[in-house]
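Right, one structure below, let's go through it.
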There are 2 protein chains.
Amino acid sequence: MAEKIRVGIMGYGNLGKGVELALRQNTDMELAAFFTRRAPDSLKTLSPDVPIYSASDAIKLKDAIDVLIICGGSATDLPLLSPEYARYFNIVDSFDTHARIPEHFENCDKSARESKKIALISAGWDPGMFSIMRLYGGAVLPDGKDYTFWGKGVSQGHSDAIRRIDGVLDAKQYTIPVESALERVRGGENPLLSAREKHTRECFVVAAEGADREKIEKEIVTMPNYFADYDTTVHFISKEEMERNHSGIPHGGFVIRSGVTGADGETSHTVEYSLKLGSNPEFTASVLVCFARAVYRLNKEGICGAKTVFDIPPAYLSSKSPEQLRKELL
Amino acid sequence: MAEKIRVGIMGYGNLGKGVELALRQNTDMELAAFFTRRAPDSLKTLSPDVPIYSASDAIKLKDAIDVLIICGGSATDLPLLSPEYARYFNIVDSFDTHARIPEHFENCDKSARESKKIALISAGWDPGMFSIMRLYGGAVLPDGKDYTFWGKGVSQGHSDAIRRIDGVLDAKQYTIPVESALERVRGGENPLLSAREKHTRECFVVAAEGADREKIEKEIVTMPNYFADYDTTVHFISKEEMERNHSGIPHGGFVIRSGVTGADGETSHTVEYSLKLGSNPEFTASVLVCFARAVYRLNKEGICGAKTVFDIPPAYLSSKSPEQLRKELL
């Protein structure tokens, strides 16, 4: 058995915990350390044998960590942390603010080229596996169109937006793809679909005693950017029902490419990729972990700089050898 | 506009014709020549301006062709042609005899290393896109199981087997996945499925006048390897109905990975990739063409030897630049 890939986790929220668990499923990798911006003593992990360091001490550990997986938010954490730590470590992040990816890529690329490390950004499932599917779909069927649908699943951002409303104690928002829209896309119709036609939004809300539910509901369904452009339903439920029925973080979705071939585009094809995820952060973490393996291997070959999921040969993600892959999976 | 990638087509059957058409959809590539083992004069292509050469003259054209796509059968053509032409050209093939892939890889690797060219073998959809999906699925969800279902679609091999029966004038065999098995797999049940439980076989047969239909049907459903292990139905139809309703070569299928994450495997996930193809050879050809693009680019970077779809970074398949890909698809 070769030496194990030593992985560090920076940040211990849902995603960091997911990485901790995913590493246990990959016997060629080991969790070497946690890093946190909280007081290390205050952190209770599931891995009592793994040391917990302050984030500010991370650089001292730079030779003890092969890949650092940065588990932070895209709004304020990752734009700072990823370029900073790429100056010392191979890193993997799940940066998902689509519009700012080019800028984040440039920042990480600069750091990683200087350190001769790899910064793999925007891994996960969207961006991530879904992006890969959009790329393959368009490369194979250039005369076509792709559609991405999300859900059914919990949108953290939308749930948070509801929680900020006066009189709301807790809330969970599910994004749900419209089945008839999915069917039209699968049928190769290439429809033009508005936001409202693609997804509906379903909200479960725990209201404070005596709160004006009608007002809360109106505030939700008319909220610009978040809900106004969608058909939104609001259910008021008890705190107990919230805990019983809505404690999970499921998600998923669909990437569908329909395209044509032939002398006159007379032949239709449909390619569909779908995910049904019991836990969004656990699946995202599993993706991060296999890309960490690829980052380690590629860096060993002398490759450096910022990379995305588009740049990684699939074989590098698997613990199997190239010979095994050809024999067993090709 | 950069110079176009000059592609040659070796062999002009359904697949070669598919490549000819697919190249028209990729403006960064051009069809430079056909090569045939038939008399070049006898070949009628859809591209009257593209020269047709005898296969035996191909080597003379080695500097005029960037990638040669070899469109031949896996039983006898490709095991000879691919290693032979990889001595002079970058090549792409669709070798699909799973059990012999390791051997074919070695043979092509030897030639391609000597010539400093790339031989990309076993592209298409299975092996090909389905293989990639099996790899991604297993890398992301190592504690899981994958299932491949084929169809609904025409199996050329099974159709040919029926055509060899006495009294059969024509035949078409459809492989059909069993819907209830698909549902069990999607549900994460991880069932053990026999051949019979996964697929059924439906045969449409044109019998000669006066032929013993009962005898033909019995011969089909009891044929070892091909039909004996499946539930097979046989329909006798007229030559006209065969032409009217069964002239296409549709195919498709499903790769489903179900797996678990969490501290005790308590979280389930399902990943599903499916293809619904109007034409098996046209879609396969479209895959070959985008892998030809990747082969050209990688060889320009000095890479050589035998490769499979597992070795190709997705970005190399697309005509878009890395910046465009990150901006538009990530």
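Naming: A, B, ... by sequence-line order, numbering from 1 per chain.
The part of A/S268 that comes within reach of chain B is its backbone (N, CA, C, O), which places non-hydrogen atoms under 4.5 angstrom from that chain. In this structure, chain B has no heavy atom under 4.5 Å from any part of A/D96. For A/A263, the parts lying under 4.5 angstrom from a heavy atom of chain B are both the backbone and the side chain. Using a 4.5 Å cut-off between heavy atoms, A/L275 contacts chain B through both its backbone and its side chain. Looking at A/V289, neither its backbone nor its side chain comes within 4.5 Å of chain B, counting heavy atoms on both sides. Heavy atoms of B/L141 lying under 4.5 Å from chain A belong exclusively to its side chain.
Annotation: maximal heavy-atom pairing with chain A below 4.5 Å, among B/S286, B/S274, B/P127, occurs at B/S274. Interface check for chain A: of the options B/F254, B/F105, B/Y273, B/F310, the most heavy-atom pairs under 4.5 Å are formed by B/F310. When each of A/G248, A/A285, A/S258, A/S279 is scored by its heavy-atom pairs under 4.5 Å with chain B, the top score falls to A/S279. Chosen from A/V255, A/I132, A/L288, the residue pairing most often with chain B at heavy-atom distances under 4.5 Å is A/I132. Taking chain A as the reference chain and counting heavy-atom pairs below 4.5 Å, the highest number among B/E328, B/R293, B/E272, B/R134 is found for B/E272. Comparing B/G262, B/G188, B/S319 by heavy-atom pairs within less than 4.5 Å of chain A, the highest count is held by B/G262. Contact tally against chain B (heavy-atom pairs below 4.5 Å) for A/S122, A/S318, A/P314, A/G259: the top residue is A/P314.
Considering every non-hydrogen atom in both B/M129 and A/V140, the closest pair reads SD-CG2, 4.4 Å. Here the closest heavy-atom approach between residue B/A315 and residue A/D311 is recorded as CB-OD1, 4.1 Å. For A/C290 against B/A139, the heavy-atom pair with the smallest separation is CB-O, 3.5 Å. Here the closest non-hydrogen pair linking A/K276 and B/R186 is NZ-O, 3.3 Å. Between A/H98 and B/L330 the shortest heavy-atom distance is CE1-O, 3.3 Å. Here the shortest heavy-atom pairing between A/Q25 and B/V260 reads NE2-O, 2.9 Å.
B/K110 NZ: 12 or fewer foreign heavy atoms inside a 6.0 Å radius. The local environment of NZ in A/K327 is sparse, with at most 12 non-hydrogen atoms from other residues, nucleotides or ligands closer than 6.0 Å.
The line from CE of B/M133 to CG of A/L329 is 12.5 Å long, rounded to the nearest 0.5 Å. Summarising the geometry, atom CG belonging to A/N26 is positioned 8.5 Å from atom CG belonging to B/D143; distances are rounded to the nearest 0.5 Å. Taken from OH in A/Y136 to OH in B/Y136, the straight-line distance is 3.5 Å, to the nearest 0.5 Å. To the nearest 0.5 Å, the span separating CZ on B/R326 from NE2 on A/H104 amounts to 12.0 Å.
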task = Mind running side chain to side chain contact (heavy atoms under 4.5 Å, CB included) on B/L135 and A/L325 for me, showing each step along the way?
result = CA-CA 8 Å; B/L135 195 166; A/L325 291 174; 3.9 Å; yes

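Aromatic ring pairs are classed by plane angle as parallel below 30°, tilted from 30° to 60° and perpendicular above 60°; the pair B/F283 and A/H269 is tilted.
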